[in-house]
Amino acid sequence: MSASAESEKPKSVDFIREKINADNQSGLYSGRVQTRFPPEPNGYLHLGHAKSICLNFSLAEDYDGVCNLRFDDTNPETEDQDFVDGILEDVRWLGYEPNSVVYASDYFEQLYLWAESLIERDLAYVDDQDAETISEQRGGFTTPGIDSPFRTRTPEENLALFRGMRAGEFADGEKVLRAKIDMNHENMQMRDPVLYRIRREHHVRTGTDWIIFPTYDWAHGQSDAIEKVTHSICTLEFDTHRPLYDWCLENLELPAEKPEQTEFARLNLTHTITSKRKLKVLVEDGSVDGWDDPRMPTLRGMRRRGYPAAAIRAFMDHIGVSKANSVHDIELLESFIRTELNRVALRRMAVLRPLKVVITNWPEGQSDMREAINNPEDDTAGTRQVPFSGELWIEQDDFALDPPPKYYRLTIGREVRLRAGYFITANDVVTDDDGNVTEVHCTYDPETAGGQAPDGRKVKATIHWVSADTAVDAEVHLYDRLLTDPHPGSGDTDPLSSLNPNSRETVHAKLEPALADVEPGQVVQFERLGYFAADIDDPTVFHRTVGLRDEWANIQKRRQNS
RNA sequence: UGGCCAAUAGUUCAGUUGGUAGAACGCCAGAUUUUGAUUCUGGAGGUCGAAGGUUCGAUCCCUUCUUGGCCAACCA
């Protein structure tokens with residue numbers, strides 16, 4: 001996974017690497033490259049975070065640098081230990097080991113001291129007004145702000161008040177510390193932003209030690225500086241915070257060269273939302289089974305679904321980084337999933353919608369073992385024995401009484417191959433009262449054991465099957481897009497309004513016996529159907545990770561459209 | 001409404017220190033195939049958002065416009 005291994009042809013350099021190269025050239029950080037992934041532990045990680053993780057960690061790898069995982073735990077209201085644990089687990093699952101795991105809350109004392117030094121230099125003041133008033137005074141894009149009546153307090157007064165805030169002399173919300181910058185600044189972020197607020201809330205790590213908490217703007221750049229981060233990568237919406245990021249750092253004594261913030265466009269995918277708030281709604285209203293539901297774009301959801309971490313990394317590497325807002329097609333991600341799984345997944349046979357086949361010339365009561373290849377892409381995967389008998393399950397789709405044009409599969413009078421088995425010819429059917437086929441009667445050719453005819457005759461189709469007497473029953477979940485709208489939330493619609501009521505279909509499948517032994521979480525290919533992941537908790541349940549490319553489906557679609 | 005960011009095949013991105021463009025995915029066709037998969041080969045598909053300007057020459061530089069995104073939380 002190292003940069004040198006996969007960059008045979010000179011890969012074009014993105015704007016972030018361009019900047020790093022320039023910084024290395026100028027010696028700004030003496031060649032050091034340090035990044036960080038800074039999630040707030042208030043939810044589980046999703047695809048959007050994955051882009052940031054891959055970017056930050058691969059930057060560190062490429063430049064022989066360092067990347068930390070830093071929990072931005074500055075707001076005790078929403079944060080939770082479960083999220084801290086879950087995030088660390090997810091980062092490791094994605095394939096990255098942080099240089100160290102750190103917390104913004106580790107720096108609360110330093111941050112506090114720095115705030116006092118700001119006050120001493122008359123660069124910050126305590127404001128007694130409430131949030132609403134402060135917001136009103138901030139003005140608008142075209143109207144200037146208004147100075148707070150408390151803006152002129154002396155440093156001595158402010159220092160005493162700020163210490164009182166820390167000591168618990170004031171109620172929550174009664175006072176805040178604000179930077180003293182410019183209430184007329186064209187950038188709203190610079191109109192005396194709030195640096196500290198009082199919040200008597202239990203903090204996951206500091207408990208009740210602190211009742212004043214730094215805001216993002218006061219904590220983030222300084223945390224970067226304390227850790228000696230060189231390149232602080234964040235998403236586009238923080239670009240207007242950059243002047244504030246710089247202002248804070250320029251007014252403090254730093255332990256190293258000042259880090260610099262660079263913004264990139266976040267990842268958007270068709271049919272997908274990556275808003276933590278919206279995902280939470282889905283979890284809470286029961287639209288999905290939880291944060292790790294296989295339909296969720298969370299890392300836990302994708303893991304349960306069977307998405308290989310390597311495929312997610314390859315996808316992120318492929319889409320690259322830019323400053324252009326973009327919506328990637330989820331099919332592109334899926335193609336990376338298929339490419340990876342095609343390489344590594346064991347082939348097995350499973351029938352999702354079973355139709356009984358009786359082989360009328362099969363010797364009564366005899367059973368047979370067929371040898372099947374485990375993975376044609378990987379010789380070392382070997383073969384396995386699959387039991388065969390006179391009663392089989394095949395896919396309902398693989399038999400047609402009245403076949404459409406170009407249908408290659410089984411129909412009356414036609415011979416097809418059972419994969420790794422025999423050639424069979426359909427002769428007759430049994431139907432129920434409604435005329436549905438419930439059983440197909442076939443004859444097999446004993447000469448075609450293994451799937452080859454000695455006389456060299458060919459068949460058009462090879463279909464999969466499972467012997468009825470040894471079949472393993474399983475519940476299989478088939479997934480469709482969670483949201484039918486390719487661009488959920490566009491044009492002021494509610495992103496969740498296109499929730500697909502049929503995003504999960506459960507079928508009762510028949511599996512070959514070898515599938516009773518899969519490991520929890522293991523992904524296998526059900527031949528001709530797709531890739532399926534054994535559930536992490538209950539490996540008798542399978543989730544369809546992604547289907548195979550399906551030329552037959554395209555043919556039918558085209559026929560329908562014409 | 002002010003500021004910032006962006007605009008190149010159907011989609012997402014490369015690219016050209018200014019000489020009219022490439023990849024991946026998708027689509028189509030052929031070959032191979034005991035998965036209608038994989039693999040391989042080929043193909044279709046672009047007035048490089050618009051209008052002006054600078055230049056021998058602009059997709060690239062400049063101006064204006066258009067379109068989209070973000071920003072006015074004691075969230076991050």
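Letters A, B, ... are given to chains in the order of the sequence lines, protein chains preceding strands, and every chain is numbered from 1.
Rounding to whole angstrom units, CG of residue A:Leu236 and P of B:G3 are separated by 18 Å. Atom CG of A:Asn75 is separated from atom P of B:A73 by 16 Å (rounded to the nearest Å). Computed from coordinates, the A:His185 NE2 to B:G2 P distance equals 17 Å when rounded to whole Å. In this structure, A:Lys458 atom NZ and B:U32 atom P are separated by 10 Å, rounded to whole Å. Taking atom CD of residue A:Glu186 and atom P of nucleotide B:C71, one finds them 17 Å apart after rounding to whole Å. A:Met316 places its CE atom 16 Å from the P atom of B:U12, with the value rounded to the nearest Å. Between the C1' atom of B:A14 and the CD1 atom of A:Ile16 lies a distance of 16 Å, rounded to the nearest Å. Summarising the geometry, the separation between CG on A:Asp14 and P on B:A23 is reported as 21 Å, rounded to the nearest angstrom.
Here A:Val416 lies out of heavy-atom contact (under 4.0 Å) with every strand. Among the heavy atoms of the strands lying under 4.0 Å from A:Phe238 is at least one base atom, whether or not backbone atoms are also near. If you check every strand for non-hydrogen atoms under 4.0 Å, A:Ile555 touches a base. Within the 4.0 angstrom heavy-atom criterion, no nucleotide atom of any strand lies near A:Asn187. Within 4.0 Å (heavy atoms only), A:Glu79 reaches no atom of the nucleic acid at all. As judged by a 4.0 angstrom heavy-atom cut-off over every strand, A:Thr143 is placed among residues making no nucleic acid contact. At a threshold of 4.0 angstrom between heavy atoms, the contacts of A:Ser322 are confined to the sugar-phosphate backbone, with no base atom among them. Nucleic acid contact for A:Lys406: base, since at least one base atom lies under 4.0 Å from a heavy atom of the residue. Nucleic acid contact for A:Pro39: none, since no nucleic acid atom lies under 4.0 Å from a heavy atom of the residue. At a threshold of 4.0 angstrom between heavy atoms, the contacts of A:Ser135 are confined to the sugar-phosphate backbone, with no base atom among them. As judged by a 4.0 angstrom heavy-atom cut-off over every strand, A:Arg242 is placed among residues making no nucleic acid contact. If you check every strand for non-hydrogen atoms under 4.0 Å, A:Val176 touches a base. If you check every strand for non-hydrogen atoms under 4.0 Å, A:Tyr407 touches a base. Counting non-hydrogen atoms under 4.0 angstrom, A:Glu527 reaches a base of the nucleic acid.
Candidate nucleotides B:A37, B:A24, B:G36 were compared by shortest atom distance to the side chain of A:Trp552, and B:G36 ranks first. Of the listed nucleotides (B:C74, B:A37, B:C5), B:C5 has the atom at the smallest distance from the side chain of A:Asp239. Listed candidates were B:U1, B:A76, B:G26. Nearest to the side chain of A:Tyr216 is B:A76. Checked against B:C74, B:A24, B:G2, the side chain of A:His318 finds its nearest nucleotide in B:A24. Among B:C71, B:U38, B:G36, the nucleotide with an atom closest to any side-chain atom of A:Gln189 is B:C71. Among B:C75, B:U12, B:U35, the nucleotide with an atom closest to any side-chain atom of A:Arg528 is B:U35.
If you check B:A6 for Watson-Crick or wobble pairing at under 3.5 angstrom, you find it paired to B:U67. With a cut-off of 3.5 Å on both pairing distances, B:U55 has no Watson-Crick or G-U wobble partner at all. Pair assignment for B:C75 gives none, since no Watson-Crick or G-U wobble pairing has each distance under 3.5 Å. With a cut-off of 3.5 Å on both pairing distances, B:U32 has no Watson-Crick or G-U wobble partner at all. When Watson-Crick and G-U wobble pairs are counted only if both distances are under 3.5 Å, B:G43 pairs with B:C27.
Going from the C1' atom of B:U38 to that of B:A44 covers 24 Å, rounded to whole Å. Taking atom C1' in both B:A24 and B:U20, one finds a spacing of 23 Å when rounded to whole Å. Atom name C1', nucleotides B:G42 and B:A58: the rounded distance is 34 Å, in whole Å. Between B:U17 and B:G26, the two P atoms lie 32 Å apart (nearest whole Å). For the P atom pair drawn from B:G43 and B:U55, the interatomic distance equals 41 Å after rounding to whole Å. With C1' as the reference atom, B:G18 and B:C60 are 6 Å apart, rounded to whole Å. Across B:G36 and B:A29, the matching C1' atoms stand 15 Å from one another, rounded to whole Å. Only the C1' atoms considered, B:U67 is 48 Å distant from B:U32, to the nearest whole Å.
B:G2 has A:Phe141 stacked on its base ring, the centres lying under 5.5 angstrom apart and the planes within 30 degrees of parallel. Judged by centroid separation below 5.5 Å and plane tilt below 30°, A:Tyr196 does not stack onto the base of B:C74. A stacked arrangement is assigned to A:Tyr408 and the six-membered base ring of B:G36, with a centre-to-centre distance below 5.5 Å and an interplanar angle below 30°.
For A:Arg17 and B:A14, the shortest distance from a side-chain N or O to OP1 or OP2 is not below 4.0 Å. Of the side-chain N and O atoms in A:Asn554, none sit less than 4.0 angstrom from OP1 or OP2 of B:G36. Phosphate contact (OP1/OP2 of B:A76, side-chain N/O of A:Thr74, threshold under 4.0 Å): present. Proximity of A:Arg419 to the phosphate of B:A37: no side-chain N or O atom is located under 4.0 Å from OP1 or OP2. Applying the 4.0 Å criterion to OP1 and OP2 of B:A73, one finds that A:Arg138 has every side-chain N and O outside that range.
For a distance-only test at 3.5 Å, the side chain of A:Gln525 qualifies as a donor-acceptor partner of the base of B:U35. Scanning atom types as modelled, no donor and acceptor separated by under 3.5 angstrom connect the side chain of A:Arg549 and the base of B:G36. Checked by distance alone, A:His241 brings a side-chain donor or acceptor within 3.5 Å of a matching partner on the base of B:A76.
Side-chain contact check for A:Arg178 and A:Ser148: no donor-acceptor pair (N or O, by modelled atom type) lies under 3.5 Å.
Figure legend: A:Arg153 and A:Tyr125 shown without cation-pi pairing, the cationic atom not lying both under 6.0 angstrom from the six-membered ring centre and within 45 degrees of its axis.
The ring of A:His203 has its center closer than 6.0 angstrom to the ring center of A:Phe108. Under the 6.0 Å cut-off for aromatic ring centres, A:Trp552 and A:Tyr408 do not qualify, their centroids lying 6.0 Å or more apart. A:Tyr44 and A:Phe83 have their aromatic ring centers within a separation under 6.0 angstrom.
Under the 4.0 Å criterion applied to side-chain N and carboxylate O atoms, A:Arg457 and A:Asp445 are assigned as salt-bridge partners. Taking a cutoff of 4.0 Å between a charged side-chain nitrogen and a carboxylate oxygen, A:Glu260 and A:Lys19 qualify as a salt bridge.
Two residues, A:Arg197 and A:Gly140, neighbour RNA chain B, and the one matched to the more 5' nucleotide by heavy-atom proximity is A:Gly140.
The neighbour count for A:Lys278 NZ, taken as heavy atoms of other residues, nucleotides or ligands under 6.0 Å away, is above 12.
For the side-chain contact (heavy atoms from CB on, under 4.5 Å) with A:Phe532, the qualifying choice from A:Leu341, A:Leu478, A:Leu515, A:Val523 is A:Leu478, the only one to do so.
Side-chain N or O atoms of A:Thr235 include none that pairs as donor or acceptor with a backbone N or O of A:Glu237 at under 3.5 Å.
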